[in-house]
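Everything on this sheet refers to the single structure shown next.
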Amino acid sequence: KIFSNHCNKKLNTTFNWFGNNAQIWFFFFKKFKLFNKKLNILEIGSFEGLSIIYYYKFLKNINVTSVDSIDKKTKYFKNFKKNTKKLKNFKFFNISAKQFFSRNINKKYDLIYIDSSHWYRDVLFEGKESLKLLNNGGILIFDDFLYTRAIKKKNCEYQRSEEHTSELQSGFGISYA
């Protein structure tokens with residue numbers, strides 16, 4: 001509720017897609033005693049930056065790297081820029097995850113959050129690549145990795161995309177290395 005109020009008062013958003021994660025993340029941040037640890041965080045897929053703002057609201061000593069191929073002409077990007085403009089120790093790469101991982105990255109991360117395309121093949125690729133960058137004892141979080149991408153038909157019915165393997169509407173997973 002604290003974070004939801006913060007979002008409503010201080011952030012530019014079209015919709016709070018992150019809101020359902022706040023309590024779950026708080027539980028895991030407490031369980032793994034992350035609140036005062038020095039953390040390098042990588043986020044793949046940031047949209048309007050709500051999860052990034054969440055890190056800065058609750059974690060005390062962080063460096064955040066955000067990767068998102070969001071179109072710079074959209075209101076979502078404008079909201080992202082407004083929401084993140086005052087952050088310190090923050091780097092943003094406006095490129096795809098594949099482009100990011102194709103760079104020779106020698107930085108390691110303590111927490112990696114994957115919330116990008118939600119397509120099975122993309123998430124699988126991002127997960128495998130992220131594991132290479134995850135410190136021992138690091139945490140890898142997946143969001144919507146079971147999300148069903150629907151294709152709208154002319155008769156307004158939806159069918160499951162053949163690209164995906166799950167019937168579930170949403171999923172959340174945490175891996176602790």
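What's counted below: heavy atoms across the whole structure, side chains too, no hydrogens, waters or symmetry copies.
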Query raised in the report: How are the rings of Trp25 and Phe29 set to each other: parallel, tilted or perpendicular (split at 30° and 60°)?
Result: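 Rings of Trp25 and Phe29: tilted, as their planes differ by 30° to 60°.
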
Indicate the atoms forming the closest heavy-atom contact of [X] with [Y], along with that distance.
X: Leu34; Y: Ile139; value: CD1-CD1, 3.8 Å
X: Lys73; Y: Lys78; value: O-NZ, 4.0 Å
X: Ile114; Y: Ser130; value: CD1-OG, 3.6 Å
X: Ile52; Y: Ser46; value: CD1-OG, 3.6 Å
X: Ala97; Y: Ile44; value: CB-CG2, 3.6 Å

Please examine the side chains of [Y] and [X], heavy atoms only from C-beta on, and report whether any two atoms are closer than 4.5 Å.
X: Phe35; Y: Phe58; result: yes
X: Leu59; Y: Ile41; result: yes
X: Phe90; Y: Ser66; result: yes
X: Leu111; Y: Tyr55; result: yes
X: Ile95; Y: Arg103; result: yes
X: Asn83; Y: Glu48; result: yes
X: Thr13; Y: Leu50; result: yes
X: Leu133; Y: Leu42; result: yes

Output the distance between atom [atom1] ([X]) and atom [atom2] ([Y]), rounded to the nearest 0.5 Å.
X: Phe142; Y: Ile112; atom1: CZ; atom2: CD1; answer: 9.0 Å
X: Leu39; Y: Tyr109; atom1: CG; atom2: OH; answer: 13.0 Å
X: Lys86; Y: Lys88; atom1: NZ; atom2: NZ; answer: 11.0 Å
X: Asp115; Y: Glu43; atom1: CG; atom2: CD; answer: 7.0 Å
X: Phe100; Y: Ser96; atom1: CZ; atom2: OG; answer: 11.0 Å
X: Lys85; Y: Phe92; atom1: NZ; atom2: CZ; answer: 16.0 Å

Query - Residues, nucleotides or ligands: over 12 heavy atoms within 6.0 Å of Lys108 NZ - result: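 Yes - once you tally the heavy atoms of other residues, nucleotides and ligands closer than 6.0 Å, there are more than 12.
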
Requested in this report: Using a cut-off of 6.0 Å, state whether more than 12 heavy atoms not belonging to Lys107 lie near its atom NZ.
Outcome: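 It does: Lys107 NZ has more than 12 such atoms within range.
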
Requested in this report: From the options Asn136, Asn63, Asn135, select the one residue that forms a side-chain hydrogen bond (donor to acceptor under 3.5 Å, both in side chains) with Asp110.
Outcome: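 Checked Asn136, Asn63, Asn135 against Asp110; only one passes side-chain hydrogen bond (donor to acceptor under 3.5 Å, both in side chains): Asn135.
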
Requested in this report: Tell me, with the steps shown, if Ser102 and Gln99 meet side-chain hydrogen bond (donor to acceptor under 3.5 Å, both in side chains).
Outcome: CA-CA 5 Å; Ser102 72; Gln99 290 171 311; over 6 Å; no

Report task. List the steps and the verdict of side-chain contact (heavy atoms from CB on, under 4.5 Å) for Tyr76 and Thr14. Result -> CA-CA 7 Å; Tyr76 312 117; Thr14 54; 3.5 Å; yes

Report task. Please determine if Lys98 forms a cation-pi arrangement with Phe125, meaning its NZ or CZ atom is less than 6.0 Å from the six-membered ring centre and no more than 45° off the ring axis. Result ->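 Pair Lys98/Phe125 counts as cation-pi.
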
Report task. Give a yes or no answer on whether the side chain of Asn94 reaches the backbone of Asp68 with a donor-acceptor pair at less than 3.5 Å. Result ->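 Yes; at least one donor-acceptor contact below 3.5 Å.
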
**Report entry** Verdict with supporting geometry, Ser117 and Asp122, side-chain hydrogen bond (donor to acceptor under 3.5 Å, both in side chains)
**Finding:** CA-CA 7 Å; Ser117 81; Asp122 293 340; 2.5 Å; yes

Requested in this report: Tell me, with the steps shown, if Asp143 and Tyr113 meet side-chain hydrogen bond (donor to acceptor under 3.5 Å, both in side chains).
Outcome: CA-CA 8 Å; Asp143 191 335; Tyr113 177 42; 2.6 Å; yes

Query raised in the report: Is it true that Tyr54 and Phe18 have ring centroids separated by less than 6.0 Å?
Result: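 Here the rings of Phe18 and Tyr54 have centres that are less than 6.0 Å from each other.
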
